[in-house]
Structures are given as structure tokens and as C-alpha cells.
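First up is the structure itself, then whatever we jot down about it.
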2 protein chains.
Amino acid sequence: MKENTGISKYVMLGMLARMPQTGYTIKKWIENEYSHFWQESFGQIYPTLKKLVAEGLAVSSDNTQSGNGRGQIVYSITDTGRKELSDWLRKEPKIEKLRYEILLKISFGENIEPEVLLGHLDSFIRRNEKLVKDMNGYIELFKKLKEQDIDCSYSQLTALCGVYVYSAMRDWAIEAKKIISEKGVDDHETKGS
Amino acid sequence: MKENTGISKYVMLGMLARMPQTGYTIKKWIENEYSHFWQESFGQIYPTLKKLVAEGLAVSSDNTQSGNGRGQIVYSITDTGRKELSDWLRKEPKIEKLRYEILLKISFGENIEPEVLLGHLDSFIRRNEKLVKDMNGYIELFKKLKEQDIDCSYSQLTALCGVYVYSAMRDWAIEAKKIISEKGVDDHETKGS
DNA sequence: TCACGCATGTAAGATGTTACATGATTAA
DNA sequence: TTAATCATGTAACATCTTACATGCGTGA
């Protein structure tokens, strides 16, 4: 019973709850819509999907040679799978693992010229600006889909979270640049290497 | 040459660049000051520290029975270690791995009663409020230390980032609650289980 | 004496990524 | 015909967490 692939299992279940899908399309969804808070690789997806079937949480309709490519495998969620998913959804979420390499580098900033940090912050700002734009793009898309009676309100909420967080990151980086360039430079000079 | 323990190696180097330390104190620092953007476990720390010594990036002064406990091992960074650290600091940071379980659950929200989501968001808000408070506490502490000529400006910057991000998270969650309770409830009702 | 904090360490397992292999279809 | 995209999969490796074992010092 302790043989699951951690949370990936529930990610797959949640994706299949939307509609029957292939591992490939699940990957695409996660890349596009989820990248700002979750990521999965094929090396996780395909084995997990097989496990779901083995556990009776999904069924695979092997459409060999039907569609395109080498014969795609469409997975659908079962009732047991839906039950498993909603049980998990009820549990209080706790995993919040973030690893921001840039913050690590900033925090070790006294070991490097401030100009290097300013450079890192510049690309960080650009990256976050792009992400905010992307997220707003998704929100617009979801709004349009809603006009066609396709409801994506929950995905829209996560995109909104992206807007909030990426904007905050950008604002922080701008402020950090200001603080570093105002007083960080002479700091390093007086110390030398 | 591909035998490093990933980024943990540089985290250790950065910690030792501040002052000679034991693995235990490094863990404490990371838990307190870094938890919002990085985490390391003893299972990573101790082996990594040994590797640093093997690679000549640090030296261990084995103060057996000197301090308290079973005999602590104090590690210090070498010149080669400092060089390695600053080389790494120069490289553009890219790792940004975040896994927010709560966003996953929100995005699968249509499979559960909205009340469950509202509950998750409530504890999320409380958690972020506490974190903002903690971060502000650190900033105050760092300011006081600066009056005593102990410079923590770079750590202060990362704490500031915490303030920005956690505030954004809290604000988003408040907004999300509003959106869900305004229209999410009847949505689920019309669908049934 | 007993619990707790300090302190180090390892083994096992869980988790995750990367690189590779395969091969069909589609569009240029 | 060639490249890209669709599509599945595995093996090797890298990484990370968890649980455990050890044991001293300090204060209640």
C-alpha cells in the first residue's frame, strides 16, 4: 500500500478526471498550464499511469494504430479513481517545496561583486514580467472559453495566483536592485576579494 | 567530476564562507533563515560536507570532545572553496522548482465541494500571515545587528522577498476565497457528485 | 534519572530527471 | 526526403527524505 508514486498519482487522477487522455497530452497540459507550480516528466507520467490501471483507479483503452503516432493509449478514470481523488483533495495540503536558486545566490552576495547580482536580478525581472504576461494570457483565454460554456474557473484561479506571485517577485527584484546599487557596491570595495 | 551533490554543495560552501561551522549549525541556519526558499536535510548535509573536504574545498577541524555533545566537527572553507563558490555565483541561476500542493488541489476543485477548498484556503491564509510576520521579524533583527556592525544586508534582502511573496500568496488566497464563494458553490450543486 | 537539545552519521527507499530507443504521421 | 510533432517507454542516474542508531551534556 506504500507503493504509490507520491503526489504524481493524484496529479494524473486529476487530469483524467477532466477528460480521458493520453500520457502525452497530460504532459502538455502540465507544461502549459501548471508549470508555475508543478512539473512532471515522462519518466514519472508513464509508469504512474500504468500503476493507476494496476490499482483499478483508471482504465486504458488501447487505441493501437487508431489515432496518430505509434498507437496512443487513452486513459480514463474509474469511480474508484474519483473516490481516491476526492479523498486526497479533502486532506489538508502541506507540500510547499520551493527552491529559488537566485535567492540562494543573493544571500551569499557578499562573496561576489554586486554587479553580478544586479545582472542576475535583471534577467529575473524580465523572466517574471514574461510570466505575468503569460498568466494574464491564460486568464483571458479561460474567460473566452467560459463564453463558450467551457468552465475553467479553477484553473483560472491558479493562473491568478501566478499573476500575484510573479508580480511580487518582479517588484521585490526591482526593490532589491535599488538597495544593492545604493549601498552594496562600496561595501564590497572596502572588503576586497 | 560529475560526482557533486548538486546545489547542496554550494549551499554548504556559502554557509562556511560566513564562518566556520558544524553541520548541525548549518542545518539550524537553513531552517530558520532559509526555509522560505531552500531546505536541506541531515542526510544531505553530512555527506556533502565530507565531500567538500575530499575535494579540498573545506577542511575539518575535528574538535573531538571539545564543545558539547559527542564531539563536534567544525568545517572551514578553503581558498579553493571560495573560488568554487564565486564561480558558481557568477553563473546565471535557473533552478526554480516550486510545488504548491494547494494550487494542485484548487485546480482540481471541480471534483470536491467548494467548502473544502475554502477551508484549505483559510489555513493557507493563516500560514502566510504567520510567515510574513516571521520575515518582518528577521528584517528587524538584521537591522539591529547592523547597528552592532554585523552586516546581514543580503539575508535581509531574501527575507524581504519572503515578505513580498507571502503577502502576495495571502492576498491571492483572500481573493480566491471571494471568487469561489461567490460563484463556486452553485456550480458544484448543479453538477452533483 | 529522565528528558531534551546538541551532534554525527548511515541505510533504505522514495522520488525525480535525463538520455536514449523506437516509430508513425504530417507538413514543408 | 527530411524535419518536426505525436507518442510511448525504460534504464541509469541523481537527488532527497525518513527512520534509525549513537551518545554526551545540561537542567529539571
Side-chain angles (χ1 to χ4, degrees), chain A residues 1-12 15 20-32 34-35 38-54 58 60-75 94-99 101 104, chain B residues 1-12 15 20-32 34-35 38-54 58 60-75 94-99 101 104:
Chain A
M1 203 106 292
K2 204 68 249 255
E3 282 256 351
N4 54 20
T5 322
I7 287 200
S8 300
K9 173 177 161 179
Y10 302 105
V11 179
M12 299 304 118
M15 297 310 268
Q21 286 186 78
T22 69
Y24 191 83
T25 54
I26 289 176
K27 179 78 197 299
K28 291 299 134 187
W29 272 102
I30 294 177
E31 264 173 19
N32 291 326
Y34 281 63
S35 60
W38 209 268
Q39 46 278 131
E40 298 281 348
S41 64
F42 281 131
Q44 292 274 106
I45 292 173
Y46 287 120
T48 304
L49 247 17
K50 285 193 171 177
K51 257 175 218 166
L52 288 187
V53 174
S60 59
S61 77
D62 198 329
N63 291 19
T64 320
Q65 247 60 14
S66 84
N68 40 12
R70 191 194 14 187
Q72 54 183 198
I73 302 171
V74 178
Y75 291 88
K94 47 186 186 312
I95 291 180
E96 260 163 53
K97 213 158 286 180
L98 32 166
R99 314 199 99 186
E101 206 186 330
L104 219 47
Chain B
M1 202 105 290
K2 202 70 252 250
E3 283 256 353
N4 55 21
T5 322
I7 287 200
S8 300
K9 173 177 163 180
Y10 303 104
V11 179
M12 300 303 117
M15 297 311 267
Q21 287 187 76
T22 69
Y24 191 82
T25 53
I26 289 176
K27 179 78 198 300
K28 292 298 134 188
W29 272 102
I30 295 176
E31 265 173 18
N32 291 326
Y34 281 62
S35 59
W38 208 270
Q39 46 278 132
E40 295 283 347
S41 65
F42 282 131
Q44 292 275 104
I45 292 174
Y46 288 119
T48 304
L49 247 15
K50 286 192 170 176
K51 255 175 221 167
L52 289 187
V53 174
S60 59
S61 76
D62 198 329
N63 289 21
T64 320
Q65 247 60 13
S66 84
N68 39 12
R70 188 183 31 171
Q72 53 183 199
I73 301 170
V74 178
Y75 290 88
K94 47 184 187 312
I95 291 180
E96 262 162 53
K97 214 157 285 181
L98 32 166
R99 315 199 99 187
E101 206 187 329
L104 218 48

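Computed from heavy atoms alone, side chains included, the values below leave out hydrogens, waters and symmetry copies. Order of the sequence lines fixes the chain letters, A, B, ..., with proteins taken first and strands second; residue numbering starts at 1 for each chain.
- Taking atom CZ of residue B:R99 and atom P of nucleotide C:dG16, one finds them 4 Å apart after rounding to whole Å.
- An OP1 or OP2 oxygen of D:dT15 is reached within less than 4.0 angstrom by no side-chain nitrogen or oxygen of B:S8.
- In this model, the phosphate group of D:dT8 is not approached by any side-chain N or O of A:Y24 to a distance below 4.0 Å at OP1 or OP2.
- Listed for the A:E40 side chain is no donor-acceptor partner under 3.5 Å among the backbone atoms of A:I30.
- Computed from coordinates, the A:Q44 CD to D:dC13 P distance equals 18 Å when rounded to whole Å.
- Spacing between atom CD1 of A:I45 and atom P of D:dT10 amounts to 14 Å, rounded to whole angstrom units.
- In terms of position along DNA chain C, the nucleotide closest to B:G23 lies nearer the 5' end than the nucleotide closest to the other residue of the pair A:F42 and B:G23.
- Shown here are the side-chain hydrogen bond (donor to acceptor under 3.5 Å, both in side chains) partners of B:S60, two or more places apart in sequence or in another chain: there are none.
- Atoms CD1 (B:I30) and P (D:dC16) sit 12 Å apart, rounded to a whole Å.
- For B:S41, the side-chain atoms get nearest to D:dT17 when compared with the rest of D:dT17, C:dG9, D:dG9.
- Donor-acceptor pairing under 3.5 Å is recorded for the side chains of B:Q44 and B:S8.
- Closest to the side chain of A:Y75, from the set C:dG9, D:dG9, D:dT10, is D:dG9.
- If you take CD of A:Q72 and C1' of C:dT22, they are 17 Å apart, rounded to a whole angstrom.
- At whole-Å resolution of the value, NZ in B:K51 and C1' in C:dT8 are 17 Å apart.
- Using a 4.0 Å heavy-atom distance criterion, A:K28 is classed as making no nucleic acid contact.
- Rounded to whole angstrom, the span from the CD1 atom of B:I26 across to the P atom of C:dT8 amounts to 9 Å.
- Counting to the nearest Å, the P atom of D:dA7 and the CD atom of A:E31 are 13 Å from each other.
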Exercise. Given A:Y24 and A:I45, is the side-chain contact (heavy atoms from CB on, under 4.5 Å) satisfied, shown in steps?
Worked result: CA-CA 9 Å; A:Y24 191 83; A:I45 292 173; over 6 Å; no
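- For A:T22 and D:dC6, the shortest distance from a side-chain N or O to OP1 or OP2 is not below 4.0 Å.
- Within the structure, every side-chain polar atom (N or O) of B:K27 is placed at least 4.0 Å from both OP1 and OP2 of C:dG9.
- In this structure, B:Q39 has no side-chain hydrogen bond (donor to acceptor under 3.5 Å, both in side chains) partners at least two apart in sequence or on a different chain.
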